[in-house]
Structures are given as C-alpha cells and as structure tokens.
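To start, the structure itself, in structure tokens.
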Amino acid sequence: MDDGNWTRVSLQSPSRLVKLCVVSGAVILVSFLAYCYTSLPYFRTKCLQEVEKSQNLVTTMTAALIKMLQESTDMKPHNVTADCKNIWKNCRPENCSKSISQNAEKRIQDLLSPKLTLNDQDRQLISYLAYLIPASDVIFTTGASSSHYDEMQAMVQSLYRVVYPRVQNKTFVVLDLGLTLTQRLKTTKSCRCLVITFPFSKVPSYFRELSFCAWKPVLIMACMMRARRLVVYQDTSIYWKDTIAELLDRGDKLGLQIWGGKDMHNIPVTTLKGTFDYFGEEPCAYLNYTSLQAGINVFKQTPFVVRTILEPWAKCALEPNCICPGCTINHLYCFKPKKEIHMCHRFDQSVLSIITTKLFSYERYRFHMPGSDLNDGRYVNINRGQKSPTYFNKAH
C-alpha cells in the first residue's frame with residue numbers, strides 16, 4: 001500500500017473543515033470521509049453531517065462496492081440449499097415475497113439510513129475509546145474478562161511466536177471486560193499490549209452480559225479510527241499460523257476478510273426476527289445464506305468499509321431492538337436437534353451476517369477467508385478452551 005494513500009488532510013481552522021466537507025466530487029468525498037473518521041470528535045461530527053447531506057454519498061459508495069466486487073479473488077462460490085423440512089414453512093423461498101435486492105445502489109442506500117448511522121452521543125463514546133489507542137498501521141485487538149484470562153495467555157503466546165516477528169508497525173489492544181486487578185497488572189506487564197477499560201457506565205445495561213458481544217463492534221470501530229491500514233479482531237480462542245502475512249495482504253487487497261463456512265446454520269435460524277425487522281428485511285430472503293463467525297475478521301481502513309459495514313454494526317450494537325430484540329442468555333443455545341427459524345440468536349455474529357450478506361448479496365463468498373470451513377483453517381486454528389495459566393508469570 002502506497003503510504004500516500006493514508007495522508008490526512010491538514011486544515012488550519014474549523015471553518016475550512018466545514019467548507020471542505022461540502023465540496024462535491026466522488027474522489028474528494030471518498031478521501032475526505034477517511035479524514036472525518038480520524039479527526040477530532042466535534043469537527044468529525046460536523047464534517048460527517050455535511051458530507052452525508054450530499055447526494056453524492058450513495059453514488060460514491062455504490063461505485064466503491066462495484067470496484068470491490070471486481071477485484072480478483074481465488075474464492076469460489078458455493079450454493080447453499082436450505083433444508084426446509086424442519087424450518088418454518090412460511091419462510092421457504094417459494095413463499096417469500098421479498099429477496100435481497102440485486103440493485104447495488106439500493107443496498108447501499110439502506111445501509112446508509114439514519115437508523116444505521118451513529119449519532120453524536122455514539123461517536124463520543126467511540127471517540128473516548130479511540131483516544132486511548134495509539135495510531136498504527138495494523139491494530140490487533142481482543143476483549144477479555146477474568147473467565148477468559150488463562151485462554152488469553154495462550155492466545156498471546158501465539159502472537160509472540162507467530163505474529164510479532166512477521167508484522168511490523170502494529171499495536172495489540174486488549175479490552176478489559178472484567179479482569180481482576182492482579183490479572184490486569186500481569187497482562188499489562190507481560191503482554192506487550194495496551195490494556196484499556198470498557199466504559200460500561202456509558203452504554204445500555206445489556207452490554208454487561210459479555211456473551212452478547214455488543215462491545216465487540218464498538219471496540220472494532222474505535223480501533224479503526226486509529227488504524228492506518230488494517231484492524232484485525234480476534235477472540236481469545238484464535239491461534240495464528242505462519243501464513244499471517246498472506247491474510248493481511250488479502251485484507252489489504254480485498255478490503256475485508258471474514259470467516260464463512262458451509263457448515264454454519266442458515267442466517268434466519270440463528271437470528272431473531274426483531275433484528276431482521278430493524279433492518280427492514282424478511283428472514284426468508286436470507287434463508288440460503290449461512291451465518292458468519294465473528295471471532296476472527298480483518299477490516300481495511302477505507303471509507304467504504306467504515307461506513308457500510310462497521311458503522312451499521314456498531315450502531316446496531318448500541319440499539320437494543322437491533323442486536324438484542326427481547327433476547328435473553330438462553331437465546332445463545334443453537335444446538336437443538338430440530339432446526340427452526342429463529343431458534344437462537346448470535347448477537348454480533350447475527351448482525352454482521354445480515355450486513356455483509358445484504359451488502360454483497362450472493363458475492364459475499366469473495367471476502368471469505370480461504371480454508372474457513374473448518375476450525376483448523378489456512379491462517380488460524382480456533383481452539384476454544386486452550387489455556388496457558390502461567391504464561392504471564394514468565395518474564396517477557
């Protein structure tokens with residue numbers, strides 16, 4: 001990536017900033033959107049308010065979508081046929097009156113709607129987290145509580161051995177979701193990372209149910225405000241392979257790398273109807289698409305990725321009727337013998353699945369990671385429960 005692509009606009013006064021925001025033209029709009037997301041919170045908000053009034057925004061983002069879909073990829077499409085025998089009959093494709101629009105501009109327009117756009121209060125929250133994070137080319141990030149402390153140590157060990165020697169100009173950010181004081185002190189001392197605390201007092205109460213993962217899109221959005229190139233999110237169950245550089249190159253080229261597999265449940269099976277309602281979508285339109293895993297993802301720092309994927313994801317996380325429509329902890333259970341529509345809900349994962357499927361439609365496969373059909377993939381191994389309880393006791 002040419003370093004010039006990451007150059008930020010330099011302005012001498014707020015008045016010049018606001019004036020520049022309304023300059024028309026697709027090229028200027030795209031480059032300036034990138035600046036808007038990395039400037040001071042007050043001016044960034046004013047800037048985005050002006051930019052998003054422009055009729056050019058939908059057109060510009062649609063052009064960016066078409067360009068992304070034209071990039072070459074070695075991924076092959078796979079047809080997902082829904083087994084309707086045990087799924088609610090009214091959601092079968094032949095009974096569905098609505099499908100995902102094949103009009104790219106319409107899909108973009110939906111994702112840029114006001115209900116999927118962060119407001120001033122949302123931006124202030126994300127800016128608060130972002131200011132705690134140093135700017136880097138690549139930001140790796142995860143969240144951990146006391147119950148995942150030993151698992152996190154094993155993950156950090158993988159980072160030390162595999163990632164750190166191969167990736168330059170990086171920052172590793174750990175979001176403290178409830179570590180004990182002793183755990184936090186050991187982590188800060190030993191992990192070669194930045195530990196920041198999630199501001200639970202500033203968000204809705206359901207954020208405190210950590211398994212809902214509402215904190216994850218907010219964390220990723222904050223990291224993106226400080227990343228010059230890529231944000232890599234990983235759960236504490238992710239263990240890297242020495243092909244890490246290839247994955248980052250793919251993310252840089254294609255803009256996005258998501259973990260999608262043929263063996264995942266169909267999206268309507270693992271998503272409550274209230275979430276579809278929030279997006280104005282019919283569940284049956286998504287019946288032939290599998291859910292994504294949200295435990296490992298690579299996002300490129302571009303206005304398109306930020307505005308059409310990460311912002312709607314973060315906004316949904318901050319709206320209970322979107323990420324958690326009448327849900328409880330019991331909705332996490334997805335391993336029932338009989339598959340039924342809305343039989344469970346996967347929160348952040350459900351929302352990311354809807355957003356990326358709506359955005360890319362049947363071409364979503366282009367952005368899947370190679371080898372992500374199994375837990376032992378080309379780039380990572382997903383091993384839930386692997387622990388290294390004493391790793392941070394050693395000197396690093």
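All of these numbers come straight from a predicted model, not from anything done at the bench. One is the number of the first residue; the rest follow in order along the sequence.
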Once you round to the nearest 0.5 Å, how far does CD of Glu105 lie from CD1 of Ile66?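 Glu105 atom CD to Ile66 atom CD1 measures 9.0 Å (nearest 0.5 Å).
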Check the angle between the aromatic planes of Phe172 and Tyr164 and answer parallel, tilted or perpendicular using the 30° and 60° thresholds.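 Ring orientation, 0 to 90° scale: perpendicular.
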Do the side chains of Met68 and Phe367 get nearer than 4.5 Å, heavy atoms only?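 The answer is yes; the side chains approach within 4.5 Å.
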Evaluate side-chain hydrogen bond (donor to acceptor under 3.5 Å, both in side chains) for Gln102 paired with Ser361, printing each intermediate quantity in order. CA-CA 7 Å; Gln102 294 309 298; Ser361 186; 2.9 Å; yes
What is the minimum heavy-atom distance between Ala144 and Thr236, and which atoms define it?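 In terms of heavy atoms, the two residues are closest at CB-CG2, 4.3 Å.
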Smallest separation among heavy atoms of Ser350 and Thr270, with atom names: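 Heavy-atom minimum between the residues: OG-O, 2.7 Å.
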Cationic tip of [X] within the cone over [Y]'s six-membered ring, i.e. under 6.0 Å and within 45° of the normal?
X      : Y      : value
Arg192 : Tyr160 : yes
Lys358 : Phe279 : no
Lys76  : Tyr365 : no

Does the pair Glu246/Lys241 count as a salt bridge with the N-to-O cut at 4.0 Å?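 Salt bridge between Glu246 and Lys241, a charged N being under 4.0 Å from a carboxylate O: no.
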Charged N-O contact under 4.0 Å between Lys273 and Asp277: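 Yes, Lys273 and Asp277 are salt-bridged.
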According to side-chain contact (heavy atoms from CB on, under 4.5 Å), who are the partners of Asn321, at least two apart in sequence or on a separate chain?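 So Asn321 forms a side-chain contact (heavy atoms from CB on, under 4.5 Å) with Tyr278.
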Do you know which of Val167, Ile139, Thr141, Leu248 makes side chain to side chain contact (heavy atoms under 4.5 Å, CB included) with Val232?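 Testing each of Val167, Ile139, Thr141, Leu248 against Val232, the sole residue satisfying side chain to side chain contact (heavy atoms under 4.5 Å, CB included) is Leu248.
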Would Leu272 end up clustered with Ile354 when hydrophobic side chains under 4.5 Å apart are linked, directly or stepwise?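 No, because Leu272 and Ile354 fall into different hydrophobic clusters, even though each may have its own neighbours under 4.5 Å.
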